[in-house]
Every structure is written in C-alpha cells, then in structure tokens.
Amino acid sequence: MAIKQVGIFCGSNEGKDPRFLEAALQLGAILGDNHYAVVYGGGTRGLMGAVARTAKQHGSRIISVVPQRFAGHQILEETDETLMVDTMQDRKKLMIDRSDAFIILPGGMGTLDEFSEVFTLQLLGLSGRPVALLNTAGFFKPLISLMETMVDSGFLKSSCWDLLIIKEHPQEILQALEKAT
C-alpha cells in the first residue's frame with residue numbers, strides 16, 4: 001500500500017522546548033516536498049497548525065477534520081477539504097479512516113489518546129497502517145519506558161517493537177513509514 005495521506009496527531013500548543021516547533025516545521029516541509037496529503041485536526045495553533053501550514057506552503061493537500069464544538073474557533077484557511085464532525089471521537093475515527101499512516105508528535109492527553117488508539121488497532125491486526133512517534137528531544141521517552149514495563153510485566157508482547165516506528169528527526173520518519181508498508 002502506497003502512503004498518500006498521513007494522519008498527524010500532535011499538540012494544539014507549541015510546548016516549552018523550541019525544538020518541538022522546529023521539528024513540526026521541518027516535518028511539514030518534508031511532507032509537502034514529498035507530496036503527501038496531511039490529515040489533521042484543523043486548528044491553526046501549536047504544533048498542529050505549524051505542521052499543516054508549512055506542509056501547505058510546500059505543496060501538500062490539507063484535510064481538516066473539525067468537531068462542531070470548534071466550528072467557531074480558528075480553522076486553517078488554506079485547508080483544501082474541511083470535514084465537520086459531531087464529536088472528538090468522530091474526528092479521531094474519520095482521521096484514522098482517511099490516513100494511510102500516522103505520525104505522532106509531542107502533545108497532551110488528546111495526542112496520547114490518539115496514539116493509543118492507532119497503535120492498538122495496529123497491534124490487534126485491525127490496521128496495517130504504520131505508526132511513528134517523532135521523539136523530538138526525547139519527549140516520548142517516558143511513554144517508551146512505560147511500554148517496556150508493559151512488555152516486562154507480560155501485558156504487551158515484545159513484538160510490538162517491530163510495529164512501532166520511533167525516530168528522533170523528521171527526515172527519518174517518512175523513509176521509515178514507506179519501508180513499513
């Protein structure tokens with residue numbers, strides 16, 4: 001399966017470390033330069049807005065999936081397709097359905113929820129779409145450690161590491177995703 005549309009899950013804030021924003025901007029440029037469409041949550045703020053805006057400037061098609069409750073908030077004007085949904089759960093489901101692969105950048109609880117769902121679907125064999133963590137500045141180190149504890153404790157199979165892509169730099173992500181398909 002060729003990757004054409006990449007689902008992006010990340011924070012609607014920039015975070016405190018400037019490397020988070022720098023990585024988001026680099027990833028957006030790489031996605032656009034390589035003609036991948038971006039499926040994301042529709043916002044203009046934070047890492048979310050940075051990836052989408054930069055990807056659009058570099059040639060990506062942008063697909064925004066926005067819950068009705070955020071309809072009055074800022075939505076990226078440069079969006080090629082805006083899909084309005086009822087709930088956050090509907091947003092996540094539609095983003096999953098419309099994406100061929102997933103990249104997770106730093107973020108908060110929503111990002112953790114989105115990662116958990118797409119990776120669980122992959123672990124259960126319900127999705128053959130690759131999942132990658134962009135581990136900028138070691139952000140996901142505690143999550144990786146927790147998952148190692150899950151393996152050591154017998155709650156997660158060690159083969160999960162064969163499925164999850166973990167990269168430190170944006171330029172490594174797309175190559176790893178393409179290899180995984």
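Along the sequence shown, residues carry numbers from 1. Only a predicted model underlies this, so the values are computations on that prediction, with no experimental measurement involved.
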* To do: Compare all side-chain heavy atoms of T82 with those of V65 and state whether any distance is below 4.5 angstrom.
  => no
* Structure fact -> Tightest non-hydrogen contact, residues R98 and I63, listed as NH2-CD1, 3.8 Å
* Asked: Pick one: which of L25, L27, L31 meets side chain to side chain contact (heavy atoms under 4.5 Å, CB included) with P170?
  -> L27
* **Side-chain touch I104/T111, heavy atoms, less than 4.5 angstrom** => yes
* Asked: Between CD1 of I144 and OG1 of T149, what distance do you get to the nearest 0.5 Å?
  -> 12.0 Å
* Asked: Counting N and O atoms only, with roles assigned by atom type, does the side chain of S153 sit under 3.5 Å from a partner on the main chain of F155, one being a donor and the other an acceptor?
  -> no
* For the residue pair A29 and T54, what are the closest heavy atoms and their distance? -> N-CG2, 3.5 Å
* **salt bridge (Lys or Arg N to Asp or Glu O under 4.0 Å) between K93 and E117, intermediate numbers included** => CA-CA 9 Å; K93 181 180 182 333; E117 178 133 356; over 6 Å; no
* Rounded distance (nearest 0.5 Å) linking atom CG of L121 with atom CG of L126 -> 6.0 Å
* Interatomic spacing from CG in L177 to NZ in K179 - rounded to 0.5 Å -> 11.5 Å
* To do: Please tell me if the side chains of L156 and L123 come closer than 4.5 Å, counting only heavy atoms from C-beta onward.
  => yes
* Asked: Roughly how far, to the nearest 0.5 Å, is CZ of R61 from CD of E81?
  -> 4.5 Å
* **Residues that D113 engages under side-chain hydrogen bond (donor to acceptor under 3.5 Å, both in side chains), provided they are two or more places apart** => K92
* Full working for side-chain contact (heavy atoms from CB on, under 4.5 Å) between L164 and F119 -> CA-CA 8 Å; L164 183 60; F119 192 52; 3.6 Å; yes
* **Closest heavy-atom pair and its distance - S60, V38** => OG-CG2, 4.0 Å
* Selection residues 7-32 - residue pairs positive for salt bridge (Lys or Arg N to Asp or Glu O under 4.0 Å), sequence neighbours left out -> D17-R19
* Report yes if some heavy atom in the side chain of I62 is under 4.5 Å from a heavy atom in the side chain of S64; otherwise report no. => yes
* Distance-only side-chain donor-acceptor flag, Q5 / D100, under 3.5 Å -> no
* To do: For K167 and I173, work out which heavy atoms get closest and say how close.
  => CB-CD1, 3.8 Å
* **Nearest heavy-atom neighbours spanning N13 and R45** => OD1-NH2, 2.8 Å
* Ignoring hydrogens and geometry, is there a side-chain-to-backbone donor-acceptor pair from S116 to L112 under 3.5 Å? -> yes
* Step-by-step salt bridge (Lys or Arg N to Asp or Glu O under 4.0 Å) determination, D86 to R91 -> CA-CA 8 Å; D86 290 330; R91 175 172 86 168; over 6 Å; no
* Any side-chain heavy-atom pair from L174 and I30 closer than 4.5 angstrom? -> yes
* Asked: Under the ring-ring contact (aromatic ring centres under 6.0 Å, His included) criterion, do F139 and F20 qualify, and how do the steps go?
  -> CA-CA 9 Å; F139 179 82; F20 300 149; 5.6 Å; yes
* Can you check whether P67 reaches D90 side chain to side chain, under 4.5 Å on heavy atoms? -> no
* Asked: Should the heavy atoms of other residues, nucleotides or ligands under 6.0 Å from CD of Q175 be counted, would the total exceed 12?
  -> no
* **Residue pair D33 / H58: nearest heavy atoms and the distance that separates them** => OD1-ND1, 2.8 Å
* **Value rounded to 0.5 Å, distance of CG in L133 from CZ in F9** => 12.0 Å
* Asked: Who passes side-chain contact (heavy atoms from CB on, under 4.5 Å) against M48, sequence neighbours left out?
  -> C10, S12, Y40
* Validation row: I3, E178 side chains within 4.5 angstrom (heavy atoms) -> yes
* Asked: Any side-chain heavy-atom pair from R129 and V118 closer than 4.5 angstrom?
  -> no
* Quick one: does S127's side chain have a donor or acceptor within less than 3.5 Å of a partner on Q122's backbone? -> no
